[in-house]
Amino acid sequence: MTDKSNYINEVSLRYANALMLISKQNGPKQIQNDFQSFIKLIDTNKDLKVIIKNPLINVAKKSAILEKICKAIKTQKTFLGFITTLTKHNKIVLVEKVFSQFNKLIDIKEGFTEVHLTTSTKLENEKLKQIEKIISQKINCKVKLKKKVDPQIIGGIIIQINSYMIDNSVKSKLSENFI
């Protein structure tokens, strides 16, 4: 990773941790719901996305717009204060990264382990549940699957749990035989 992406991840995690701390009063689930509604609104509204990403719009104006939006979608005061803080520190552009980090922290708190699963084709839900159950039993943890389809692996499966990787793809088997 580059220094810039490391910085972005570090800052996003710092803000997510701060939000986790202040959400203990009402529980992080309500904040997560507010956050999810806010992110969904950003994804569906191009004008809002432009406002958030545009560095030429001053902080006070951005803050006022985002405050009206948060009140319109009826978020908690805690969440509104958090969005205002992000805006005042010119970090509102990282809101989606912060949301991602916040969700990871909630998963960790609830005892989930993130497992990245790469397949060459999309798997049926029944098959995914089966894989999730097997992995959960093997590592003795609750599992949250992050699915990815990559036709370049030709067939098979790649499982990544933290820094451990099990590469049982056709591509890797072919590479082993020809190197």
Side-chain angles (χ1 to χ4, degrees), residues 1-110 112-123 125 128 143-153 158 160-163:
M1 271 195 234
T2 65
D3 288 340
K4 186 176 182 179
S5 63
N6 281 337
Y7 171 76
I8 288 170
N9 285 333
E10 187 179 315
V11 169
S12 299
L13 182 58
R14 209 175 301 141
Y15 277 99
N17 275 318
L19 185 57
M20 233 6 216
L21 287 172
I22 61 172
S23 70
K24 283 185 179 179
Q25 301 152 349
N26 300 336
K29 283 296 184 187
Q30 182 58 47
I31 296 287
Q32 188 180 32
N33 292 338
D34 288 349
F35 221 144
Q36 196 165 16
S37 299
F38 188 75
I39 294 297
K40 202 177 284 184
L41 193 61
I42 292 170
D43 288 342
T44 58
N45 190 321
K46 289 180 183 178
D47 293 334
L48 180 56
K49 195 174 269 195
V50 168
I51 289 169
I52 287 173
K53 305 257 184 214
N54 191 339
L56 300 176
I57 299 174
N58 74 25
V59 172
K61 192 171 186 177
K62 259 187 207 182
S63 207
I65 292 167
L66 295 176
E67 183 176 340
K68 285 180 184 176
I69 289 168
C70 284
K71 286 181 180 178
I73 60 173
K74 297 182 171 115
T75 63
Q76 291 182 37
K77 288 181 181 178
T78 306
F79 183 75
L80 171 61
F82 178 73
I83 293 298
T84 303
T85 302
L86 270 181
T87 307
K88 285 182 180 174
H89 291 112
N90 278 322
K91 301 296 187 226
I92 194 66
V93 294
L94 302 177
V95 70
E96 292 174 36
K97 275 271 194 206
V98 174
F99 180 58
S100 175
Q101 295 284 8
F102 185 69
N103 285 331
K104 285 179 184 178
L105 291 173
I106 289 175
D107 287 346
I108 290 168
K109 184 180 179 206
E110 292 177 351
F112 282 95
T113 299
E114 193 173 273
V115 175
H116 295 269
L117 181 73
T118 306
T119 56
S120 61
T121 58
K122 186 176 180 192
L123 297 177
N125 283 338
L128 287 169
V143 169
K144 190 168 201 171
L145 283 181
K146 297 288 183 178
K147 302 162 284 275
K148 179 182 171 188
V149 174
D150 182 3
Q152 292 187 351
I153 69 168
I158 300 172
Q160 184 176 352
I161 306 167
N162 298 323
S163 61

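Since the model is a prediction, treat every value here as computed from it, not as a measurement.
- Within a 6.0 Å radius of NZ in K97, no more than 12 heavy atoms belonging to other residues, nucleotides or ligands are found.
- When all heavy atoms of Q76 and D34 are compared, the pair lying nearest together is N-OD2, 2.9 Å.
- Looking at every heavy atom in both residues, V149 comes nearest to S120 through CG1-O, 3.5 Å.
- In this structure, CD1 on I22 lies 11.5 Å from CG on N17, to the nearest 0.5 angstrom.
- In terms of modelled atom types and a separation under 3.5 Å, the side chain of D107 and the main chain of F112 share no donor-acceptor contact.
- Remark: L41 CG to L66 CG distance equals 10.0 Å, nearest 0.5 Å.
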- Dump the intermediate steps for side-chain contact (heavy atoms from CB on, under 4.5 Å) on K29 and I106, then the final yes or no. CA-CA 8 Å; K29 283 296 184 187; I106 289 175; 4.1 Å; yes

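- Pairing each heavy atom of N45 with each of D47, the nearest pair is OD1-N, 3.0 Å.
- With K62 contributing its side chain and N54 its backbone, the two residues share a donor-acceptor pair below 3.5 Å.
- To the nearest 0.5 Å, atoms CD (Q32) and CE (M20) are separated by 9.0 Å.
- Without hydrogens or angle criteria, Q160 side chain to N162 main chain gives a donor-acceptor distance under 3.5 Å.
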- Passes side-chain contact (heavy atoms from CB on, under 4.5 Å), K148 versus H116? Steps please. CA-CA 8 Å; K148 179 182 171 188; H116 295 269; over 6 Å; no

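- Below 30°, between 30° and 60°, or above 60°: for H89 and Y15 the angle between ring planes is between 30° and 60°, a tilted geometry.
- Between I42 and V95, the closest heavy-atom pair is CD1-CG1, 3.8 Å.
- The aromatic rings of F99 and F35 lie tilted to each other, with the angle between the two planes from 30° to 60°.
- One distance of note links CD1 of I39 with CG of N103; it measures 9.0 Å at 0.5 Å rounding.
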- Steps toward side-chain contact (heavy atoms from CB on, under 4.5 Å) verdict (L94, L86): CA-CA 8 Å; L94 302 177; L86 270 181; 5.7 Å; no

- side-chain contact (heavy atoms from CB on, under 4.5 Å) between I31 and F102, worked out: CA-CA 10 Å; I31 296 287; F102 185 69; 3.8 Å; yes

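- Closest approach of S63 and T87 over heavy atoms only: N-CG2, 3.7 Å.
- One distance of note links CD1 of I51 with CD1 of I57; it measures 5.5 Å at 0.5 Å rounding.
- Remark: the backbone N or O of C70 is paired with a side-chain donor or acceptor of T75 at under 3.5 angstrom.
- Between the CG atom of L123 and the CG atom of L128 there is a distance of 5.0 Å, given to the nearest 0.5 Å.
- In this structure, K49 contributes its side chain and D43 its backbone to no donor-acceptor pair below 3.5 Å.
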